[in-house]
Amino acid sequence: MEKGFLPLFIFAFFVSTCRAEISNKVGINWGGLGNKLPSPPQSVGLVKSLGAKRVKIYNADPDILNALKNTDIVVSIMVPNEIIANISKSQYLSDQWVQTNVVPFYPEVKIRYLLIGNEILTNPDIGTWYNLVPAMRRIKSSLKTHKIHKVKVGTPSAMNVLESSFPPSNGTFRSDISDPIIKPMLQFLNRTKSFFFVDIYPYFAWAENPKDINLDYALFQSKNITYADPVTNLTYTNLFDQMMDALVFAMKRLGYPDIRIFIAETGWPNNGDLDQIGANIYNAATYTRNVVKKLTIKPAIGTPARPGSVVPSFIFALYNENQKPGPGTERHFGLLYPNGSKVFEIDLSGETPESEYTKPLPAPTNNEPYKGKAWCVVAEGANKTALLDAISYACSQGNKTCEQIQPGNRCYKQDSLIWQASYAFSSYWAQFMKAGGSCYFNGLATQTAKDPSFGHCKFPSVTLQG
Ligand SMILES: *[C@@H]1O[C@H](CO)[C@@H](O)[C@H](O)[C@H]1NC(C)=O
Ligand SMILES: *[C@@H]1O[C@H](CO)[C@@H](O)[C@H](O)[C@H]1NC(C)=O
Ligand SMILES: *[C@@H]1O[C@H](CO)[C@@H](O)[C@H](O)[C@H]1NC(C)=O
Ligand SMILES: *[C@@H]1O[C@H](CO)[C@@H](O)[C@H](O)[C@H]1NC(C)=O
Ligand SMILES: *[C@@H]1O[C@H](CO)[C@@H](O)[C@H](O)[C@H]1NC(C)=O
Ligand SMILES: *[C@@H]1O[C@H](CO)[C@@H](O)[C@H](O)[C@H]1NC(C)=O
Ligand SMILES: *[C@@H]1O[C@H](CO)[C@@H](O)[C@H](O)[C@H]1NC(C)=O
Ligand SMILES: *[C@@H]1O[C@H](CO)[C@@H](O)[C@H](O)[C@H]1NC(C)=O
């Protein structure tokens with residue numbers, strides 16, 4: 001009797017560990033580039049309240065890992081870009097990294113993924129490209145030394161590792177990385193049964209080409225638009241599937257048709273600069289709810305090239321991070337505001353039916369490009385001390401940038417820091433936008449179409465062309 005029982009038990013165990021590895025649960029990317037974000041323990045509570053079952057962080061911050069101890073949340077940590085080169089050359093450094101950043105937390109923290117750098121193959125530091133796969137191998141070997149077998153090693157790539165993604169069957173890796181880097185990487189991923197981690201943003205594909213791509217097709221909302229790949233005849237009903245399958249075909253072309261895909265990031269911005277279209281709460285809520293539904297539904301849908309396949313994922317991102325540089329959308333991918341309240345109703349567990357999202361969403365106002373005047377003013381929640389430094393910087397640039405806010409001049413207002421800063425930012429932007437100057441000031445500034453001019457004081461403006 002026992003003899004018959006044992007294999008069954010082993011089989012059940014095997015099945016359950018496999019399942020755990022490729023579950024369709026949706027996680028969240030937790031980035032921390034904001035000046036007033038909740039503490040790690042508070043954040044863990046917020047992660048749970050969003051229904052996220054996994055988190056991905058961009059480092060191995062011990063405060064964050066301590067806050068995740070003894071929770072059910074599955075965790076992905078990251079080796080920072082800067083140390084990849086050194087790790088790739090030294091097994092000792094690799095062992096040390098694992099000893100310092102994994103061993104003290106494992107297994108109390110359910111670390112399951114260890115990612116080597118972030119979007120390394122699109123980083124301008126080309127030298128590091130060649131260190132990537134060697135570093136992956138070293139870290140995997142260090143984990144083995146510590147008998148840590150449950151942690152998959154991978155690296156997140158942006159979609160521009162492909163030189164062609166249309167039609168999906170034409171998916172091809174860039175020729176500069178295909179042979180020297182992607183091939184050995186796929187071999188490593190296959191050997192270690194890991195995943196190809198990829199950041200998939202239908203938003204950026206659509207925003208670059210809104211005339212040719214239908215917005216509803218990018219938002220999973222289209223009822224009647226389909227695209228049939230002329231080579232495979234596979235029929236697509238949304239942009240996300242097209243992008244996924246381009247990667248499937250690119251891997252197949254190199255002889256690896258079966259490597260599983262893990263969505264390392266996907267999301268839609270809830271706000272952005274005036275000249276960035278489609279970045280609004282309505283679209284962000286629509287995209288996020290639809291992608292969560294697609295990724296959590298049982299049985300799994302997969303994609304046209306991989307029907308029924310489970311696609312594990314992380315949504316981008318937990319917070320609107322006001323200190324991320326770059327265009328305004330970069331600072332507005334959060335499901336939460338920095339004060340922890342939701343930007344829109346969302347449940348990443350996939351268990352909330354659409355009908356239970358009852359709060360009306362604000363109508364989208366910027367699905368067409370904005371044309372007209374714009375100003376650069378102080379952003380909500382700006383740090384007062386930092387504003388003083390930003391004013392001195394802005395006023396020290398350009399010609400007579402802050403002349404009008406000097407005592408005796410028409411824009412002078414005593415003791416109004418916000419007013420002075422908004423004037424200085426607008427005046428700076430008006431002079432430098434054409435040369436690439438941005439309305440950012442380390443997160444202190446934001447664009448507006450609302451003229452802040454007042455009385456006899458006219459604020460300098462820029463004109464956006466749409
Ligand atoms: C990498 O190693 C070199 C030589 O040992 C050292 O000078 C450098 O600081 C290291 N870089 C980093 C980012 O640790
Ligand atoms: C397929 O991809 C190649 C580059 O890899 C590109 O030159 C070609 O135009 C693409 N074909 C189509 C039909 O877009
Ligand atoms: C991928 O890994 C499997 C075993 O997991 C092996 O059977 C297969 O040959 C590998 N494929 C390639 C192309 O190396
Ligand atoms: C899809 O349906 C919408 C609304 O019913 C309509 O405006 C649009 O023209 C249709 N598009 C196609 C390609 O049939
Ligand atoms: C695609 O469909 C067309 C027309 O239905 C058919 O002639 C062709 O053989 C199909 N191609 C493939 C690869 O299935
Ligand atoms: C949190 O911040 C948002 C955006 O700034 C604001 O609309 C909301 O009222 C705040 N919520 C609370 C509870 O303070
Ligand atoms: C505000 O800015 C000052 C100077 O830049 C900095 O020292 C301080 O930590 C900031 N405070 C907050 C809450 O971010
Ligand atoms: C400042 O004025 C000088 C001389 O008129 C001009 O060459 C320069 O481009 C101006 N700089 C800016 C930022 O407008």
Side-chain angles (χ1 to χ4, degrees), residues 14 17-18 21-22 34-38 42-43 45-46 49-50 133 137 140 149 152-154 173 178-179 182-196 248-261 269-272 279-282 284-285 306 317-323 328 331-346 359-362 376-383 393-404 418 424-439 443-446 448 460-463:
F14 175 74
T17 49
C18 270
E21 219 177 81
I22 55 162
N35 67 332
K36 282 184 184 166
L37 298 178
Q42 288 169 328
S43 297
L46 291 166
S49 76
L50 284 168
V133 179
R137 291 195 196 108
K140 184 70 191 176
H149 299 292
K152 298 288 184 197
V153 173
F173 286 103
S178 186
D179 276 351
I182 298 289
K183 266 191 188 163
M185 185 194 297
L186 295 179
Q187 188 183 25
F188 170 85
L189 297 176
N190 183 69
R191 176 170 64 78
T192 59
K193 296 188 173 59
S194 186
F195 299 81
F196 195 103
V248 170
F249 283 102
M251 292 196 290
K252 198 170 171 182
R253 201 165 298 241
L254 294 184
Y256 294 91
D258 299 322
I259 290 173
R260 293 172 297 174
I261 293 176
N270 57 62
N271 203 344
N280 57 57
I281 291 177
Y282 184 94
R306 288 188 173 174
L318 185 56
Y319 297 117
N320 276 353
E321 294 167 67
N322 70 339
Q323 293 180 324
R331 296 180 279 287
H332 294 96
F333 269 95
L335 301 184
L336 303 178
Y337 291 112
N339 63 15
S341 71
K342 288 185 183 179
V343 177
F344 48 84
E345 292 174 288
I346 185 72
K359 277 190 215 152
L361 295 169
C376 182
V377 298
V378 172
E380 202 179 308
N383 172 343
Y393 172 77
C395 293
S396 72
Q397 306 294 307
N399 295 324
K400 302 185 174 173
T401 305
C402 293
E403 187 173 70
Q404 290 304 321
I418 303 276
F425 293 168
S426 289
S427 182
Y428 169 90
W429 200 36
Q431 291 182 76
F432 289 102
M433 185 186 75
K434 287 215 170 81
S438 60
C439 172
L444 301 171
T446 188
T448 179
S461 64
V462 304
T463 302

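Just follow the structure's listing: the first ligand is 1, and inside any ligand the first atom is 1.
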Inset, instruction - Under 4.0 Å from a heavy atom of Phe432: give me the atoms of ligand 8 that qualify, with their elements. - result: 13 (C)
Inset, instruction - Measure the distance from atom 7 (O) of ligand 6 to every protein heavy atom, then report the residue, atom name and distance (to 0.1 Å) of the closest one. - result: Tyr337 CE1, 4.6 Å
Inset, instruction - Tell me which part of Arg191 gets within contact of ligand 3: side chain, backbone, both or neither, using heavy atoms under 4.0 Å. - result: neither
Inset, instruction - For atom NZ of Lys252, decide whether the heavy atoms of other residues, nucleotides or ligands shown that lie under 6.0 angstrom number more than 12. - result: no
Inset, instruction - Please confirm whether Tyr256 comes within less than 3.5 Å of ligand 3 when only nitrogen or oxygen atoms on both sides are compared. - result: no
Inset, instruction - Nearest 0.5 Å please: distance from the CG atom of Asn383 over to the CG atom of Leu444. - result: 7.0 Å
Inset, instruction - Can you confirm whether something in the protein, heavy atoms only, sits under 4.0 Å from atom 5 (O) of ligand 8? - result: no
Legend entry - Short side-chain to backbone donor-acceptor contact, Thr401 and Tyr428, under 3.5 Å: no
Legend entry - Protein contact to atom 14 (O) of ligand 3 [nearest heavy atom, distance to 0.1 Å]: Asn190 ND2, 3.4 Å
Inset, instruction - May I ask you to check if ligand 6 and Glu380 share an N or O to N or O distance below 3.5 Å? - result: yes
Inset, instruction - Write out the residue and atom name of the closest protein heavy atom to atom 11 (N) of ligand 6, then the distance separating them to 0.1 Å. - result: Asn339 ND2, 2.9 Å
Inset, instruction - Scan the protein's non-hydrogen atoms and note whether one is under 4.0 Å from atom 9 (O) of ligand 8. - result: no
Inset, instruction - Give a yes or no answer on whether the side chain of Ser194 reaches the backbone of Val153 with a donor-acceptor pair at less than 3.5 Å. - result: yes
Legend entry - Side-chain donor or acceptor of Gln431 paired with backbone N/O of Asn399 under 3.5 Å: yes
Legend entry - Side-chain heavy atoms of Gln187 within contact of Tyr256, under 4.5 Å: yes
Legend entry - With Met251, the side-chain contact (heavy atoms from CB on, under 4.5 Å) member among Ile182, Asn190, Leu186: Leu186
Legend entry - Under 4.0 Å to a heavy atom of Gln431 - the qualifying atoms of ligand 8, by number: 12 (C), 13 (C), 14 (O)
Inset, instruction - Please check if atom CZ in Phe188 has more than 12 non-hydrogen atoms from other residues, nucleotides or ligands closer than 6.0 Å. - result: yes
Inset, instruction - Would you confirm whether Lys36, through its side chain, and Asn339, through its main-chain N or O, come within 3.5 Å as a donor-acceptor pair? - result: no
Legend entry - Ligand-residue contact atoms, ligand 3 with Gly255, heavy atoms, under 4.0 Å: 13 (C)
Inset, instruction - Kindly state if atom 2 (O) of ligand 6 has a protein heavy atom within a strict 4.0 Å cut-off, that is, under 4.0 Å? - result: yes
Inset, instruction - Please report which non-hydrogen protein atom sits nearest to atom 12 (C) of ligand 8, along with the residue it belongs to and the distance in Å to one decimal place. - result: Asn399 ND2, 3.6 Å
